[in-house]
Amino acid sequence: MSAVASRSSLLMAGFWRRVVPPVLGLLFLVLVWSLIASTGDNGIPTPGQTWTQALQVFSDPFYQAGPNDQGVGWNVLMSLERVALGFGLAALVGIPAGFAIGRFEFLGRMFNPIISLLRPVSPLAWLPIGLLVFKGANPAAIWTIFICSIWPMVINTAVGVQRVPQDYMNVARVLNLSEWKVFTRILFPAVLPYLLTGVRLAVGTAWLVIVAAEMLTGGVGIGFWVWDEWNNLNVASIIIAIGVIGVVGLLLELALIRLASLFTYEEVKA
């Protein structure tokens, strides 16, 4: 009986520790939101009004009434498609570049000034260059995602290669291993935690940037949807879009954490 009681108390303690704090945090957010919405005529809808609008928005998220009038589902999918393309291109370029820069000191000294110069530039500053070169809003948005996603992967991968213990490389040299075997047997397993950290940072940055890029370029996308609802003075839909952006970003983060937990060490999982 005591064992059952002990187990029940542990479950209750886990419930209070894991479930109650997030719920209280969300209730606090709703309370602050309600207070702000009820103070004066600021145009901010109440949580109840936003909930009513959300039911209408999500009742048919995949409707199509024209090229620029589509449901929130299509807008999210289009934004994710742009992020996937830009991020995929950045991974194809950035990860091998990171390995090369970290592996060969000459390349590191050669490209470090370029990375240090270009990395702090705001991703949206690259958008006009994309519009000039590609002559289209969609490829320009993908270019912006590419340029903002490549730096975390290059830097984290290069740092991971540089932190591989020198003893490992000395053994590879003694055994006269080929460069391919050094990469597959030593570098890649050791660098994988750093690489996945770079991937997580790059995806988070890409999802942040695509919203702003779509506001400027137009077309179908969650960023354009936010701007279009602002032009229609539909603040409730803007708040709904903010929630959708946050949920999608959270799901991307959780998916990458799950992926990292399959390949990395315990301290990296935490």
Side-chain angles (χ1 to χ4, degrees), residues 67-101 111-159 195-231 237-238 240-253 255-256 259:
N68 293 327
D69 184 11
Q70 301 186 29
V72 62
W74 292 120
N75 285 283
V76 170
L77 289 177
M78 181 57 69
S79 295
L80 287 173
E81 179 182 344
R82 293 190 180 107
V83 168
L85 289 173
F87 171 80
L89 292 173
L92 288 176
V93 176
I95 293 175
F99 273 105
I101 291 172
F111 286 102
N112 276 342
I114 299 175
I115 296 173
S116 299
L117 177 66
L118 299 182
R119 185 175 61 87
V121 177
S122 170
L124 292 182
W126 295 98
L127 184 59
I129 303 298
L131 291 171
L132 175 65
V133 173
F134 299 107
K135 312 297 183 184
N138 192 55
I142 295 172
W143 153 256
T144 306
I145 295 302
F146 168 84
I147 204 67
C148 78
S149 301
I150 194 171
W151 308 124
M153 286 186 281
V154 170
I155 294 171
N156 279 273
T157 303
V159 169
L195 190 155
L196 290 174
T197 299
V199 168
R200 286 176 55 191
L201 293 173
V203 169
T205 303
W207 184 243
L208 289 174
V209 170
I210 191 60
V211 175
E214 288 173 344
M215 286 184 178
L216 299 176
T217 58
V220 180
I222 192 66
F224 172 75
W225 191 59
V226 171
W227 191 249
D228 188 52
E229 294 301 321
W230 166 249
N231 290 331
S237 290
I238 295 175
I240 293 169
I242 292 172
V244 170
I245 293 168
V247 169
V248 173
L250 177 62
L251 292 176
L252 289 174
E253 177 73 9
L256 289 172
L259 177 64

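- Among all heavy-atom pairs drawn from Ala158 and Ile101, the shortest one is CB-CG2, 4.2 Å.
- Residues Ser149 and Ala206 share a closest heavy-atom pair of OG-CB, 3.5 Å.
- For the pair Ala137 and Leu131, the tightest heavy-atom approach, listed with the atom from each and the gap, is CA-CD2, 3.9 Å.
- In terms of modelled atom types and a separation under 3.5 Å, the side chain of Trp227 and the main chain of Gly223 share no donor-acceptor contact.
- Here the CD1 atom belonging to Ile242 is positioned 7.5 Å from the CD1 atom belonging to Ile238, to the nearest 0.5 angstrom.
- Between Gly94 and Ile150, the closest heavy-atom pair is CA-CG1, 3.7 Å.
- Ring pair Trp143/Phe134 is tilted by interplanar angle, where 30° to 60° counts as tilted.
- With rounding to the nearest 0.5 Å, the separation of CZ in Arg200 from CG in Leu195 is 13.0 Å.
- Side chain of Thr217 to backbone of Ala141: no donor-acceptor contact under 3.5 angstrom is found.
- Not a single donor-acceptor pair under 3.5 Å links the side chain of Asp228 to the backbone N or O of Phe224.
- Between Thr157 and Gly98, the shortest heavy-atom distance links the atoms CG2-C, 3.8 Å.
- Note that CE of Met215 and CG of Leu127 are 13.0 Å apart. Values are rounded to the nearest 0.5 Å.
- Using a distance-only test at 3.5 Å, with no hydrogens or angles considered, a donor-acceptor pair links the side chain of Glu214 to the main chain of Ile222.
- Ile145 and Phe87 get closest at one heavy-atom pair: CG2-N, 3.7 Å.
- Side chain of Trp225 to main chain of Gln70: no donor-acceptor pair is present (N/O by atom type, distance under 3.5 Å, no hydrogens or angles).
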